[in-house]
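This report refers to the structure that appears directly beneath it.
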2 protein chains.
Amino acid sequence: MRLTKGCKKVLDVLESIHELSSAQDIHGRMRNEDDKAPGLTTVYRSLESLVSEGLVQAVDLGDGERRYELVKPGEHHHHLVCESCRQSVHLDQCLIAELEEGIRHKYGFQVKGHILEIFGICKVCTAK
Amino acid sequence: MRLTKGCKKVLDVLESIHELSSAQDIHGRMRNEDDKAPGLTTVYRSLESLVSEGLVQAVDLGDGERRYELVKPGEHHHHLVCESCRQSVHLDQCLIAELEEGIRHKYGFQVKGHILEIFGICKVCTAK
DNA sequence: ATTAAAATGAAACCCATTTCTATTGTGCTT
DNA sequence: AAGCACAATAGAAATGGGTTTCATTTTAAT
Ligand SMILES: [Mn+2]
Ligand SMILES: [Mn+2]
Ligand SMILES: [Zn+2]
Ligand SMILES: [Zn+2]
């Protein structure tokens, strides 16, 4: 599968941001610097492709607005999301992968995926 | 805080189900057995109270529809959700609680809460 | 019984996402 | 170069869960 023009623009934005961004954030940025950038529908479609390609991960923070970010191809990670400043710490390793074997043994359950996000107050905000 | 009539009806339904149910599920059930059961708004409000009382937990499976279930007061747990039959295994202990101390040490991040759900194929569905 | 506070239901509203339809762009064939 | 088939796109409209608003009904307190 090929990267369409829309996908490339979305990738550009994601490369320049490096924070979790919603589809609308991304679309807004694109439209800021170029009035005739792809429409919102195309952004959604591009994100869908990029996610299934493993170049981007979708993150669900439970607030009804999915966020996206670049990841190392095929990998994923989780976050410590600060409820005060909304910044997040991007964890370097998945805490769940190592549990999969145990879960399969104990419950006969084949793990295919998971959601994990941790909320709280970050170091900076605690200091204030 | 007192349990209103609406809350009690919602609790009744949740006691009788013992599976993750959406607000609309719950409302539907209530309306099935009683045409003039509380409206959907009241169901949402009741769930909100019950959650903040710690009697019910809200579960986010990332599909935009929150589910609810009774829990031991003040406790919470996570699930292995089967993508084939949609049933879930209710885990007996939280896998994250024990990591909190480490996270605080390593990142200076005070953990307040988290989302964790695991998806895959359950034992029964694998057998088929 | 009177009155204030809490709970309720119907409808309006919100907003991210999806669907639908018409249009445009791209590559390939002749 | 012109024609054709198909993928990609835009934009509007529909969807759908959830929340807000507000008038009305219940409940509790005096
Ligand atoms: Mn990240
Ligand atoms: Mn459960
Ligand atoms: Zn993970
Ligand atoms: Zn937990």
Side-chain angles (χ1 to χ4, degrees), chain A residues 1-14 17 19-53 55-69 81 86 115 117 119, chain B residues 1-14 17 19-53 55-69 81 86 113 115 117:
Chain A
M1 183 264 221
R2 209 173 61 276
L3 288 191
T4 68
K5 221 174 296 182
C7 284
K8 287 203 206 80
K9 292 233 183 77
V10 169
L11 276 180
D12 284 350
V13 174
L14 286 178
I17 296 187
E19 251 310 310
L20 295 169
S21 335
S22 69
Q24 321 229 18
D25 287 344
I26 295 166
H27 180 240
R29 288 241 183 178
M30 282 169 29
R31 280 286 161 101
N32 267 358
E33 49 193 47
D34 177 4
D35 281 1
K36 47 200 269 306
L40 186 54
T41 315
T42 298
V43 172
Y44 276 111
R45 209 183 355 240
S46 301
L47 286 168
E48 193 186 351
S49 310
L50 293 168
V51 168
S52 72
E53 291 288 297
L55 299 177
V56 166
Q57 80 172 341
V59 175
D60 195 323
L61 300 182
D63 65 351
E65 196 176 11
R66 230 165 314 174
R67 316 299 169 90
Y68 301 86
E69 71 179 331
V81 182
R86 303 312 295 176
I115 306 177
E117 303 298 332
F119 302 94
Chain B
M1 181 262 222
R2 206 178 60 279
L3 289 190
T4 67
K5 218 176 295 182
C7 284
K8 289 203 205 81
K9 292 233 181 76
V10 169
L11 276 179
D12 284 349
V13 173
L14 286 178
I17 294 187
E19 251 312 308
L20 295 169
S21 335
S22 69
Q24 320 227 20
D25 288 343
I26 294 165
H27 179 241
R29 288 241 184 180
M30 281 170 29
R31 279 288 160 99
N32 268 357
E33 50 194 45
D34 178 3
D35 281 0
K36 46 200 272 305
L40 189 53
T41 314
T42 298
V43 172
Y44 277 111
R45 273 191 293 241
S46 302
L47 286 168
E48 192 186 351
S49 311
L50 292 168
V51 168
S52 73
E53 290 289 297
L55 299 178
V56 167
Q57 81 172 339
V59 175
D60 194 322
L61 300 182
D63 66 350
E65 196 175 11
R66 230 164 318 178
R67 316 303 168 88
Y68 301 85
E69 71 179 330
V81 182
R86 303 310 298 176
I115 306 177
E117 302 299 333

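Note on naming: letters A, B, ... go to the chains in the order of the sequence lines (proteins, then strands), and numbering restarts at 1 for each one. Bear in mind that the values here come from a model prediction, so they are computed numbers and not experimental data.
Atom C1' of nucleotide D:dT15 and atom CD of B:Glu65 are separated by 13 Å, given to the nearest angstrom. Per the geometry, CG belonging to B:Leu3 stands 11 Å off P belonging to C:dT8, to the nearest Å. Atom CG in B:Asp63 sits roughly 9 Å away from atom P in D:dG18 (whole-Å rounding). For the pair B:Arg66 CZ and C:dA16 C1', the interatomic distance rounds to 14 Å; values are reported in whole Å. For the pair A:Leu47 CG and D:dA8 C1', the computed distance is 15 Å after rounding to whole Å. Rounded to whole Å, the distance from CD on B:Glu48 to P on D:dG17 is 19 Å.
Contacts between residues 21-46 of chain A and DNA chain D, defined by a heavy-atom separation under 4.0 Å, are made by A:Arg31, A:Ala37, A:Pro38, A:Gly39, A:Thr41, A:Thr42, A:Arg45.
Qualifying side-chain contact (heavy atoms from CB on, under 4.5 Å) partners for A:Asp60, counting only residues two or more places apart in sequence or in other chains: B:Asp60. Residues that satisfy the side-chain contact (heavy atoms from CB on, under 4.5 Å) test with A:Asn32, not counting sequence neighbours, are absent from this structure.
More than 12 heavy atoms of other residues, nucleotides or ligands shown are found within 6.0 angstrom of CD on B:Glu19. Under a cut-off of 6.0 angstrom, the local environment of CZ in B:Arg29 is sparse, with at most 12 non-hydrogen atoms contributed by other residues, nucleotides or ligands. Open room surrounds CD on A:Glu48; 12 or fewer heavy atoms of other groups in view lie less than 6.0 Å from it.
Residue B:Lys5 has a polar side-chain atom (N or O) positioned under 4.0 Å from OP1 or OP2 of D:dT27.
Under the 3.5 Å distance criterion, the side-chain polar atoms of A:Asp12 are left unmatched by any main-chain donor or acceptor of A:Lys9.
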